[in-house]
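Some notes on the structure that comes next.
Quick caveat, the model's predicted, so the values are computed rather than measured. Just so it is clear: chains get the letters A, B, ... in the order the sequence lines come, proteins before strands, and each one is counted from 1.
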Amino acid sequence: MRYLRLLGIFANTELQFAMQYRFNLLLEVMQIVIVSGTSVAAVLVLFSYTTVMNGWTLPQMIVLLGVYYVVQGVEELVFQPSFERFMEHVRLGTLDFILLKPASGQFLISFRHFQTIQVVQVLVGMLIVAIGLGQLGADLTPGNALAFVVTLVSGFTLIYALLMVLSTLCFWVVRVDNILAIFWAFIDAGRFPIDIYPGWLRFTMSTVVPVGIAVTVPAQAVAGRLDPIGTVTTAVGALVAWLFASWFWHQGLRRYTGASA
Amino acid sequence: MRIYRALLVAQFQSMMQYRLQMFLYVFFSFIRPIIFLAAWSAVAAFQGGRIGSFDEPAFAAYFVTLTLVTHITMAWNSFEFEYQVRQGQLSPLLLRPLHPIHYAIATNVVWKLFTSVAVVAVAIFLAVTFHARFDTQPWHIALGIPSVLLGAALYFTFDYALATVAFWTTRVHAATTLYNRIAFIFAGQIAPLSLLPGPLQTIAYILPFGYMLGVPADILRGGPSFEQAVMLVAGQVVWLVIALVLFRVLWRAGLRAYSAVGA
């Protein structure tokens with residue numbers, strides 16, 4: 001409860017911060033709309049030649065693309081700005097001030113900073129999902145909806161855990177921004193269902209860099225293509241990843257000595 | 001010529017510091033073509049292995065040559081130029097006796113030479129794993145090489161013209177995004193130009209973007225017939241002339257409008 005209130009305060013601060021640059025916000029909204037729109041266009045071009053791609057119909061693909069933008073939006077809304085600042089804190093030695101605050105250090109470094117504009121990206125993603133669902137017809141059962149929410153949250157958790165582990169590495173090697181850049185390369189591949197990729201890439205996208213799971217599985221769930229076992233497996237996997245990330249964070253913290261100590 | 005040798009050597013030395021960035025760049029450069037190659041392969045597989053004149057090995061060949069062509073032609077002046085204007089680094093460059101474009105050309109050429117070994121390795125890897133089949137005749141290569149160079153000149157000139165927007169406003173980013181996304185659809189990145197449906201294809205052959213990437217890639221793969229290829233290269237020449245004129249006009253007008261940030 002206390003943490004929810006803190007989260008509210010952080011979001012409010014960041015919103016006020018962003019509102020200082022209104023014209024910039026407008027330009028960024030425009031860019032988000034352009035990027036999402038052209039991605040939908042690319043999918044339409046592909047489906048002008050076929051009705052099905054590896055078992056995915058056009059409405060299902062639209063849903064998947066929407067989920068992709070929701071996942072990417074959430075990631076850029078919270079995770080990316082927070083973890084970037086965290087690594088800077090380690091480099092500059094200002095992490096001490098955060099660790100001294102009377103709240104969980106892990107919470108503070110994970111959720112302190114927001115890139116408020118990315119809310120628009122998430123909304124655009126949801127809009128695309130809604131359009132896809134509309135095309136799909138009205139066979140969205142409560143079960144599928146539940147599976148969608150569960151797998152989507154699991155997907156966020158998986159990505160959070162990965163980014164948490166990668167940025168915790170900065171306790172050992174100070175410059176890890178470049179390792180994070182590899183993550184950006186893979187997230188781009190999330191825009192299509194992972195089952196179309198060759199084995200090694202599919203493997204990478206579902207284990208080391210679980211962007212593929214985070215996007216494809218919720219889309220499967222909402223399209224009714226996921227059995228309950230798949231939902232449970234994803235949720236358990238996410239839980240394990242989260243526990244591991246927390247454990248890893250504590251290991252790193254134990255090693256931390258401050259920049260000039 | 002001597003000026004260029006000095007510029008190239010200096011650039012090469014400064015670039016050797018960024019080996020890790022090179023690795024990352026190469027990494028990025030091969031994820032994007034794989035995404036669309038995999039998508040087209042999946043579509044082709046469902047349609048009995050063939051779409052238009054493309055079967056799966058032909059798609060693979062197209063996206064392999066596209067990877068190479070993208071690497072050779074790409075330019076990033078619009079990002080750098082905005083930064084230089086914003087940070088006030090442009091003013092001293094303007095005072096030097098050499099047009100700033102020559103520094104940009106030198107950086108561009110050296111970066112490409114520097115990374116080419118890795119990119120070629122990536123291309124071979126893609127060609128082998130996706131079983132690419134090239135229909136390239138000797139004349140395809142004879143036409144393809146000038147076509148790639150024309151594509152590179154075209155890409156560079158347009159990008160630099162776009163960069164001059166920074167003379168008027170330091171928010172080039174929005175313009176760049178719009179430009180890049182139009183290119184994303186029409187340059188041949190999402191599909192070979194000849195597979196774009198109806199009106200999109202007409203637009204693609206009118207706009208300059210296809211002549212930067214898709215056209216040279218398709219010629220090198222051995223796609224078009226001789227007559228078609230000659231027409232396409234002619235289209236590149238026309239667009240290059242337009243681009244050069246546009247650049248000169250924008251540059252002059254921009255210099256007059258420019259006042260250093262902070263001045």
Between chain B and each of A:Asp195, A:Asn54, A:Val45, count heavy-atom pairs under 4.5 Å; write down the option with the most. A:Val45
So which heavy atom on A:Ile194 is nearest to which on A:Thr216, and how close? N-OG1, 3.3 Å
Do any of residues 178-189 of chain B have a heavy atom less than 4.5 Å from a heavy atom of chain A, and if so, which, in residue order? B:Leu178, B:Arg181, B:Phe184, B:Ile185
Quick one: does any side-chain atom of A:Thr50 pair with a main-chain N or O of A:Phe47 as donor and acceptor, under 3.5 Å? no
Region of A:Phe192 that comes under 4.5 Å of a non-hydrogen atom in chain B: side chain
Is it the side chain or the backbone of B:Leu196 that comes within 4.5 Å of chain A heavy atoms, both, or neither? both
Test your reading of the model: is there a side-chain donor-acceptor pair from A:His113 to the backbone of A:Val78, 3.5 Å cut-off? no
With chain A as the partner chain, list the residues of residues 37-47 of chain B whose heavy atoms fall under 4.5 Å from it, by residue number, and write 'none' if nothing qualifies. B:Ala38, B:Ala39, B:Trp40, B:Ala42, B:Val43, B:Phe46, B:Gln47
Taking every non-hydrogen pair under 4.5 Å, which of B:Thr129, B:Ile190, B:Leu195 racks up the most with chain A? B:Leu195
Between CD of A:Glu76 and CD of A:Gln115, what distance do you get to the nearest 0.5 Å? 6.5 Å
Can you confirm if the aromatic rings of A:Phe79 and A:Tyr160 lie within a centre distance of less than 6.0 Å? yes
For chain B, find which of A:Ile34, A:Leu46, A:Leu201 contributes the most heavy-atom pairs closer than 4.5 angstrom. A:Leu46
Output yes when a side-chain donor or acceptor of B:Thr73 lies under 3.5 Å from a complementary backbone atom of B:Ala152, and no otherwise. no
Is A:Thr38 in contact with chain B via its backbone, its side chain, both, or neither, using a 4.5 Å heavy-atom distance? both
dist A:Ile213:CD1 -> A:Met205:CE (nearest 0.5 Å) comes out at 9.0 Å
Would you please name every residue forming a side chain to side chain donor-acceptor pair (under 3.5 Å) with B:Gln201, sequence neighbours left out? none
Could you tell me whether the side chains of A:Tyr69 and A:Ser39 share a donor-acceptor contact shorter than 3.5 Å? yes
For B:Ile72, enumerate each residue passing the side chain to side chain contact (heavy atoms under 4.5 Å, CB included) test, keeping only those at least two apart in sequence or located in another chain. B:Val148
In A:Leu27, A:Val122, A:Leu123, A:Ile117, the residue satisfying side chain to side chain contact (heavy atoms under 4.5 Å, CB included) with A:Ile32 is A:Ile117
Using ring centroids (six-membered ring only for Trp), state whether B:Phe125 and A:Trp200 fall under 6.0 Å. yes
